[in-house]
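Just so you know, residue 1 is the first one in the sequence shown, and it goes up from there.
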Amino acid sequence: MRRVAMTSLADDLFTWRRAELLQRIIDSLPDPLFVKDRSHRWVAVNEGYCKLVGYPRDELIGKDDRGFWPAEQVEVFWEHDDLVVNTGEPDENQEVVTGGDHVERTMWTRKYPMRDDAGQVVGLCGIITDITNMKGKLVAAERLEAENRAQLGIIEAQRTLLEKLAVPVVRIWQGVLLLPLVGALNQERAAQVTESVLAAISDATARFVIIDVTGVPLIDTMAAEALLRTVQAAALLGCESVLVGMGPAAAQTLVGLDVDLGRITTRGSLERGLEYALGRLSYRIVAARRRDTSGKR
């Protein structure tokens, strides 16, 4: 049987001239690639670079960037070229360039020193990657993140405002504050109650704070301990607390709880609590005499 001689691709490659082989290799790369000497002249470019610049290879080899790129961009290119050939170290830079199609793109350029047999830097090799779409997505993501942060800031401000509205401390007399509580007292809200009361006491230099629990549906152990902590903290600022509005059911519940409320002044109603505070402040409440419209004295 006659043996048919087969020529492999590898065998064919070795028949190419070295320059032709090298050119075919770099042309196979999708990213633009160029080689420059120390005078910024192009020694080799691939098809990707020719497409980017908008000129064929024959018009680029032996020339430099001037006339092919805007002057301000050439200045940036050469600054990084010189950095590579003078230091012998690689360099990478993000650049905004305008190619032969006059479209502005964001490019990521990596430049590497090329050395002769003696180890001297004789030029550089550059590889360019178009990151315009990636950069656009990154900018869009950063903008979305900034918008989200702004929205979260608005939400947080609204939450803080709602918390303050949920725990209002009102000055009803000189030296007297009123804290009307409405709704359940959970751990977070109890902490807000204490914070709001202490801030209001400090601002108003109050001597009494009346805590009205008429609107609290359930006073359990946690709620009672929270109120006790608020009273103790207020006392450290020289302010006495008066607890008012406790109904029979709440009073009966507290009897069975192991919470010491003996140090809290209590009154049955807001009216009685205010009367107590004003009395301690040496004010005397006098009922206004009703005017007799008949003319009799």
Neighbour count >12 (heavy atoms, 6.0 Å) for atom CD, E75: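 Count not over threshold, so no.
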
About how many Å separate [atom2] of [Y] and [atom1] of [X], when rounded to the nearest 0.5 Å?
X: L177; Y: S241; atom1: CG; atom2: OG; answer: 10.0 Å
X: R149; Y: I154; atom1: CZ; atom2: CD1; answer: 13.5 Å
X: E95; Y: I128; atom1: CD; atom2: CD1; answer: 7.0 Å
X: T194; Y: R229; atom1: OG1; atom2: CZ; answer: 6.5 Å
X: L179; Y: T230; atom1: CG; atom2: OG1; answer: 8.0 Å

Looking at [Y], is its backbone amide N or carbonyl O close enough to the side chain of [X] to form a donor-acceptor pair, meaning the two atoms are under 3.5 Å apart?
X: S28; Y: I25; result: yes
X: R171; Y: A204; result: no
X: S196; Y: Q192; result: yes
X: D65; Y: W69; result: no
X: D81; Y: V84; result: no
X: T87; Y: E89; result: yes

Same apolar cluster (I L V M F W Y, side chains within < 4.5 Å links), L274/V170: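 In one cluster: yes.
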
Connected via hydrophobic side-chain network under 4.5 Å: M222 and L227: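 Unlinked, M222 and L227 end up in two clusters.
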
Between T106 and T132, a side-chain donor and acceptor under 3.5 Å: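 Looking only at side-chain atoms, T132 and T106 do not form any donor-acceptor pair under 3.5 Å.
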
Pair Y276-R272, side-chain donor/acceptor within less than 3.5 Å: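 No.
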
Within 45° cone of W108 ring axis and under 6.0 Å: R110 NZ or CZ: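 Yes, cation above the ring, under 6.0 Å and within 45°.
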
Residues which pass salt bridge (Lys or Arg N to Asp or Glu O under 4.0 Å) with D31, listed by chain and number, not counting sequence neighbours: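 Partners of D31 under the salt bridge (Lys or Arg N to Asp or Glu O under 4.0 Å) test: none.
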
Do [X] and [Y] come within less than 4.5 Å of each other through their side chains, counting heavy atoms only?
X: V45; Y: V35; result: no
X: C239; Y: V209; result: yes
X: T265; Y: R267; result: yes
X: F77; Y: V97; result: yes
X: K111; Y: H80; result: yes
X: V176; Y: L281; result: yes
X: D27; Y: Q23; result: yes

Aromatic contact, W42 with Y55 (centres under 6.0 Å):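 Aromatic pair excluded; centres sit 6.0 Å or further apart.
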
Centroid-centroid distance, F208 to W173, less than 6.0 Å: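 No.
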
Results of side-chain contact (heavy atoms from CB on, under 4.5 Å) for L29 - residues two or more places apart only: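 So L29 forms a side-chain contact (heavy atoms from CB on, under 4.5 Å) with L33, N46.
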
E92 vs T109, side chain to side chain donor-acceptor pair (under 3.5 Å): CA-CA, chis, key distance, verdict: CA-CA 5 Å; E92 57 182 68; T109 304; over 6 Å; no

R207/E240 under salt bridge (Lys or Arg N to Asp or Glu O under 4.0 Å): CA gap, chis, key distance, verdict: CA-CA 6 Å; R207 291 183 55 191; E240 182 180 347; over 6 Å; no

